Structures are given as C-alpha cells and as structure tokens.
Amino acid sequence: MTTRVAILISGSGSNMVTLVNAMQSGDIDATPVVVISNNESAAGLDKAKALGVDAVALDHRPYKGDRAAFEADLNKILVHYNVDLICLAGFMRILTPKFPNQWKRKILNIHPSLLPKYKGLHTHQRAIDAGDENGGCSVHLVTGELDGGPVLGQVSVPIKENDSADDLSARVLVEEHKLYPAVLAEFINNT
Ligand code: GRF
C-alpha cells in the first residue's frame, strides 16, 4: 500500500514541489495527499493545487499562542487524510513535544544547516559569522527537541569569500531540493 504523505509549509514551498514531483513521477513510492500551511497566503498553497494536491490553510493566529489547540486541529486534518508520514518543508511553527510523540518516527524535517550546528533561525548568517568553511542542509527525524532528532542525510555547501546569507541560502536550497527527495525515498523504502 502506498505511503500517504502530508507536507507542511509556511512559505514558497519549493521543497514541497520537489517532494510532490518525486512522488508523482514514481521516484518515491508514496502519494502526496495534502499540503497544509499555517500561513493562508503562502505561495506554496497555489503550487500544490496546480500539482493536483489538496491544499489546506490552517491559520495559527486565531489560536493566540495556544500551540496545543492549533496542533489538535492540525491533527484532525492529518487524520482526515489518513496520513502515514509528515514532511515539514519550511514549516515555521515550533511544535510542542506532544505532537512528535503522537507521530513517533513519522515526521521528517529539512533544516538549512549542518546539524547539530545552528538549530533554530538565521543559520546561514551564523555559519558565515563563525568563519565556517561549509554551510549545508540536513534532513532529520522530528522529536520533541527543536531541530534535534536523528539526522538521516546531510549535504555540505562550501562558503565562498564575501558570501552573504542570501548567496549561501540560494546555493544550499539547490542542494535541499536534491537531498530531501533522496532521503524520503530511502526512508520509505526502509520502513
Ligand atoms: C528552506 O531553506 C528550508 O530548509 C527552511 O526554509 C526554507 C523553505 O523554503 N526551513 P521553501 O518554502 O521550501 O521554498
């Protein structure tokens, strides 16, 4: 039976598009069943619809910081779509530990740093400021610890002299688009 995948986004959704393409072309043995955004105006929602995938907005703002209530409604959507696996792809909401506990080993995330370095935000600037030779990206399992779950795959990207955070981010994003589908394919084949 095919693995039913939900992809959670907040913005442009370029990683989401590469995952959907890889599933729809048969490179990944899975089906993208729903794309969910906490941001109603995320450009990725229209991209998902154009690819024939249901797109749902669940605005976090009316929950006024009540993360548990937001996650309870998020969970209802995931259950409605009978989801097996969740891919976070530029999803900019911090989850409570309860959520990954409900979906143990069922949530993957892509993070734009060489974890365990630079959990959280502004990863590229932090790598540049530290004088690192490389930035990069990691796909990891999501646990209760922010950006802290086991790393499933990682790619390094050399930092060039005079790189801005935007320069580095653009080159890392190219690698994210290769890494995430490759790791997802392997994860699904091995589970
Ligand atoms: C990516 O760099 C991802 O690693 C980070 O946010 C960005 C999302 O880009 N967490 P997109 O929405 O997939 O285009």
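Note that the structure is a prediction, hence the values are computed from the model and not measured. Atoms within each ligand, like the ligands themselves, are counted from 1 in listed order.
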Trainee: Applying the side-chain contact (heavy atoms from CB on, under 4.5 Å) test to Cys137, which of Gln154, Glu175, Lys178 qualifies?
Mentor: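 Among Gln154, Glu175, Lys178, the one meeting side-chain contact (heavy atoms from CB on, under 4.5 Å) with Cys137 is Glu175.
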
Trainee: For residues His111 and Thr123, is any side-chain donor paired with an opposing acceptor at under 3.5 Å?
Mentor: no

Trainee: Applying side chain to side chain contact (heavy atoms under 4.5 Å, CB included), can you list everything that pairs with Thr2, at least two apart in sequence or on another chain?
Mentor: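 Counting only residues at least two positions away or on another chain, Thr2 forms a side chain to side chain contact (heavy atoms under 4.5 Å, CB included) with Thr31.
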
Trainee: Just distances here: any N/O of His111 and N/O of ligand 1 closer than 3.5 Å?
Mentor: no

Trainee: What residue and heavy atom of the protein are closest to atom 12 (O) of ligand 1, and at what distance?
Mentor: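 Ranking protein heavy atoms by distance from atom 12 (O) of ligand 1, first comes Gly13 N, 2.8 Å.
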
Trainee: Students should be able to answer this: which protein heavy-atom is nearest to atom 3 (C) of ligand 1, and at what distance?
Mentor: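 For atom 3 (C) of ligand 1, the nearest protein heavy atom is Glu176 OE1, 3.3 Å.
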
Trainee: Do any heavy atoms of Gly44 fall under 4.0 Å from ligand 1?
Mentor: no

Trainee: Answer yes or no: does atom CD of Gln102 have more than 12 heavy-atom neighbours from other residues, nucleotides or ligands under 6.0 Å?
Mentor: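 Check passes, neighbour count above 12.
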
Trainee: Compute whether any side-chain donor of one residue and acceptor of the other, for Asn38 and Tyr63, lie under 3.5 angstrom apart.
Mentor: no

Trainee: Considering only non-hydrogen protein atoms, determine which one is nearest to atom 6 (O) of ligand 1 and report residue, atom name and distance to 0.1 Å.
Mentor: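 Sorting protein heavy atoms by distance from atom 6 (O) of ligand 1 puts Gly90 CA, 3.8 Å first.
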
Trainee: Within the 4.0 Å heavy-atom shell around Ser12, which atoms of ligand 1 are there?
Mentor: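 In order of numbering, the contacting atoms are 11 (P), 12 (O), 14 (O).
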
Trainee: Specify the protein heavy atom at minimum distance from atom 9 (O) of ligand 1: its residue, its atom name, and the distance to 0.1 Å.
Mentor: Asn15 ND2, 4.0 Å

Trainee: Please confirm whether Ile9 approaches ligand 1 to less than 4.0 Å, judged on its heavy atoms.
Mentor: no

Trainee: Share the residues that join Val151 in a hydrophobic cluster, the rule being Ile, Leu, Val, Met, Phe, Trp or Tyr side chains under 4.5 Å apart at the heavy-atom level.
Mentor: Leu115

